[in-house]
Participant: 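So that we are looking at the same thing, I have put the structure below in structure tokens.
These figures come from a predicted structure and were not determined experimentally. Naming convention: chains lettered A, B, ... in sequence-line order (proteins, then strands); numbering from 1 in each chain.
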There are 2 protein chains.
Amino acid sequence: MNYILFKSEQNQETIVQEAIPKGPAGEGVVDGSQAGQTALMPWDMPRYRNWIAVAKVHALVEKAMAAGLAPLALKLPHYDILANVYRFPGLTQQDLANRMLVGRSNLSMLLPELERRGLVKRTPDGEDRRVRRLTLTSEGRVLTLRALKVQVEVIEGMMAALSAAECEALGDFMRRVGHHMLGHPPAPDSPI
Amino acid sequence: MNYILFKSEQNQETIVQEAIPKGPAGEGVVDGSQAGQTALMPWDMPRYRNWIAVAKVHALVEKAMAAGLAPLALKLPHYDILANVYRFPGLTQQDLANRMLVGRSNLSMLLPELERRGLVKRTPDGEDRRVRRLTLTSEGRVLTLRALKVQVEVIEGMMAALSAAECEALGDFMRRVGHHMLGHPPAPDSPI
DNA sequence: AATATATAGTTCATCATTGAACATAATGAT
DNA sequence: ATCATTATGTTCAATGATGAACTATATATT
């Protein structure tokens, strides 16, 4: 059975036929590069590999952030909340969920812990009784600044491999991609 | 209490003093941009913003992947395993964990489910009785190809916002950053 | 040969995240 | 005024991921 796997950059369809197993005593070990009519697999394609590189760096940064935040007794999701609330005091839980690209229920699980630790306050909105608005306590702000310092160090350490022009190009590319994926033109104060 | 938050690109230290709360009736709403001696916050810095853009795109791609894989009854972590085992048949669980940048215990939780579904086989190594080697079944390979098609569509859709040169530059940047973070020069068959 | 150290994979408890379902409130249509 | 629809946040069950502790095995040291 053949699949049309993808079109190459030259708009040429690549068809992959299920590879025939080979290997010692027919043990099922398969050489993926021996597939069908064209040997091209996604990892042979530049765009795919470029995205895998992005994904790997993202995983490395998350690990570095987790390690850097551990001495502050702060997990990455909690820090994300604190940083966003520091930057946009008074935002709603729905707004925060949109910015963090997580579900509302996740925040309903995470926020009580930050409240309990005395870092965040949730207050009812003056007009809409469904809404709660988020602000940091003074202790929350202090901790957030310390955690921001950690994040800046991770990002600066990472970006040291790039020139300023390269770093700016990276940001331009990613913002453009982000807006493209969201399907609308860039807006002020967009989460991207 | 002041913090040295970070050094700017001109190597100038930025000091942030805790912002003074303001807002209606002293309700604790804080304007982060009114901090201390210099108003620069991380989100005012290009490198920080550039990384946030990368992180946002990564989150969007993960959502798109999850949505695209749902009709195949496949979750993203399971797909990651299948794709890596397809590409490197016979690899060990330890090797797979390294490539996926997750812990060995995570794979011990995920792999039995793929085994139960008849997608993956775990076989003892011929020489080292601690080791199990991973291969896909024929059904696993078929499903993996279908899932690869989904991933390629997501990546192609994303990269449509970039020219070929921009996409290649992006990959170059990220590979360099990845190697920089791992602290060693690029190697053949590196996870980055 | 005996012992110490390192490695591969598993189990465990804990936490983050998801998506469905729910309760309450606001808005829009009639 | 009433009803339908949408929005906000919470609860629930299920699942993915982590890091410590464990078992079994391999390797290095003495």
Participant: Nearest whole angstrom, please: distance from the C1' of C:dT17 to the NZ of B:Lys75.
Facilitator: 11 Å
Participant: Are B:Asp95 and B:Arg99 ion-paired here, with the side-chain N under 4.0 Å from a carboxylate O?
Facilitator: yes
Participant: Taking for each residue the nucleotide of DNA chain D with the nearest heavy atom, is it B:Arg130 or B:Met109 whose nucleotide lies nearer the 5' end?
Facilitator: B:Met109
Participant: So, does the side chain of B:Ser105 form a donor-acceptor pair with the base of D:dG19 at under 3.5 Å?
Facilitator: yes
Participant: Classify A:Glu113 by what it touches in the nucleic acid, base, sugar-phosphate, or nothing, heavy-atom distance under 4.0 Å.
Facilitator: nothing
Participant: Tell me the interatomic distance from A:Asn106, atom CG, to D:dG16, atom C1', rounded to whole angstroms.
Facilitator: 13 Å
Participant: Expressed in angstrom and rounded to an integer, what is the separation of B:Glu127 atom CD from C:dT7 atom C1'?
Facilitator: 15 Å
Participant: Atom CG of B:Leu111 and atom P of D:dG16: how far apart are they, to the nearest Å?
Facilitator: 12 Å
Participant: Does B:His78 place a side-chain N or O at less than 4.0 Å from the phosphate oxygens OP1/OP2 of D:dG16?
Facilitator: yes
Participant: Quick one: label A:Arg129 by what it contacts on the DNA or RNA (base, sugar-phosphate, nothing), any heavy atom closer than 4.0 Å.
Facilitator: sugar-phosphate
Participant: Indicate yes or no: does B:Arg175 engage B:Glu168 in a salt bridge with an N to O separation below 4.0 Å.
Facilitator: yes
Participant: What is the distance from CG of A:Asp128 to P of C:dA23, rounded to the nearest Å?
Facilitator: 20 Å
Participant: Quick check on the hydrophobic clustering: are A:Met158 and B:Trp43 connected, directly or via other members, by side-chain heavy-atom contacts under 4.5 Å?
Facilitator: yes
Participant: Within the structure shown, what part of the strands sits under 4.0 Å from B:Arg133 by heavy-atom distance: base, sugar-phosphate, or nothing?
Facilitator: nothing
Participant: Do B:Arg132 and C:dG9 share a donor-acceptor pair, side chain to base, under 3.5 Å?
Facilitator: no
Participant: With nearest nucleotides of DNA chain D determined for A:Val131 and A:Lys63 from heavy-atom distances, which residue corresponds to the more 5′ nucleotide?
Facilitator: A:Val131
Participant: Within this structure, what is the CZ-to-P distance between B:Arg104 and D:dA21, rounded to whole angstrom?
Facilitator: 14 Å
Participant: Find the distance B:Asp125:CG to D:dT27:P and express it as a whole number of Å.
Facilitator: 11 Å
Participant: What side-chain hydrogen bond (donor to acceptor under 3.5 Å, both in side chains) pairs are there with at least one residue in residues 58-71 of chain A, not counting sequence neighbours?
Facilitator: A:His58-B:His58
Participant: Mind calculating the distance between CZ (A:Arg117) and C1' (C:dC15) to the nearest angstrom?
Facilitator: 13 Å
Participant: Can you list everything that forms a ring-ring contact (aromatic ring centres under 6.0 Å, His included) with B:His78? Sequence neighbours excluded, please.
Facilitator: none
Participant: Check whether any side-chain N or O of A:Gln93 sits under 4.0 Å from OP1 or OP2 of D:dT8, and answer yes or no.
Facilitator: no
Participant: Remember a base hit wins even if backbone is also touched, and classify B:Leu110 as base, sugar-phosphate or nothing at under 4.0 Å, heavy atoms.
Facilitator: sugar-phosphate
